[in-house]
S.K.: 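Submitted below is the structure of interest, expressed as structure tokens.
Predicted, not measured: the structure shown is a model, and the values here were computed from it. Only heavy atoms go into these numbers, but all of them, side chains included; no hydrogens, no water, no symmetry mates.
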Amino acid sequence: GGEGAGGPLDHLRVDPQFNMLRQLVQARPEMLQPLLAELGQAHPEVLQQIQDNQEEFVRLINEPVDQNQQMQAQMAMQALMAQG
């Protein structure tokens, strides 16, 4: 199959919320811990995946966010704010 290219966290690459998190963390690395704590409350299974694959997570977090993802991330952020 087409697997092999990506690791277990590969799906996060296309997740607008993850891309939002990635932008935030790249801008303010100190935000990572509180954001992960929040993620763990909302999506414990995702946090578990991250903890099981920390090296890959760090690699993904440090990848540059492309413009398309950036737009999606901003839209996701606005949608989250609107829910508040």
Side-chain angles (χ1 to χ4, degrees):
E3 300 125 291
L9 298 180
D10 210 44
H11 63 96
L12 288 178
R13 250 195 201 101
V14 292
D15 185 298
Q17 282 188 303
F18 178 75
N19 284 315
M20 181 175 85
L21 180 108
R22 183 157 63 172
Q23 275 186 284
L24 267 171
V25 171
Q26 285 177 6
R28 302 174 58 194
E30 73 279 5
M31 290 294 291
L32 182 59
Q33 288 310 318
L35 286 168
L36 283 180
E38 214 170 286
L39 179 74
Q41 288 176 338
H43 305 285
E45 71 288 351
V46 177
L47 185 64
Q48 188 58 55
Q49 274 187 316
I50 288 171
Q51 287 172 336
D52 291 345
N53 303 281
Q54 279 191 320
E55 279 178 37
E56 191 190 353
F57 177 70
V58 169
R59 195 164 47 83
L60 283 177
I61 272 284
N62 289 312
E63 273 181 10
V65 182
D66 70 36
Q67 297 264 218
N68 197 14
Q69 290 171 328
Q70 209 166 349
M71 246 167 47
Q72 286 177 334
Q74 282 164 350
M75 280 160 63
M77 201 184 284
Q78 284 163 354
L80 278 179
M81 299 293 183
Q83 286 169 9

S.K.: Rounded to the nearest 0.5 Å, what separates atom CD1 in Ile50 from atom CG in Leu12?
M.R.: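 Reported to 0.5 Å precision, the distance equals 6.0 Å.
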S.K.: So how far is it from Asn19 CG to Ile61 CD1, rounded to the nearest 0.5 Å?
M.R.: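 Output value for this atom pair is 9.5 Å.
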S.K.: Looking at residues at least two apart in the chain, or sitting in another chain, which of them share a salt bridge (charged side-chain N to carboxylate O under 4.0 Å, His left out) with Glu63?
M.R.: Arg13, Arg22
S.K.: Kindly say whether Glu56 contributes a backbone atom to a donor-acceptor pair with the side chain of Asn53 at under 3.5 angstrom?
M.R.: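 Not a single qualifying donor-acceptor pair exists.
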S.K.: Can you establish whether the number of heavy atoms outside Glu30 located under 6.0 Å from its atom CD is more than 12?
M.R.: yes
S.K.: Would you kindly confirm whether Leu24 and Leu9 end up in one hydrophobic cluster when ILVMFWY residues are joined by side chain heavy atoms under 4.5 Å apart?
M.R.: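 Linked within one cluster.
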S.K.: Please table the atom pairs, donor to acceptor, closer than 3.5 Å between any side-chain atom in residues 31-49 and protein atoms at least two apart or in another chain.
M.R.:
unit_1 : atom_1 : unit_2 : atom_2 : d
Gln48  : NE2    : Asp52  : OD1    : 3.0
Gln49  : OE1    : His11  : NE2    : 3.3

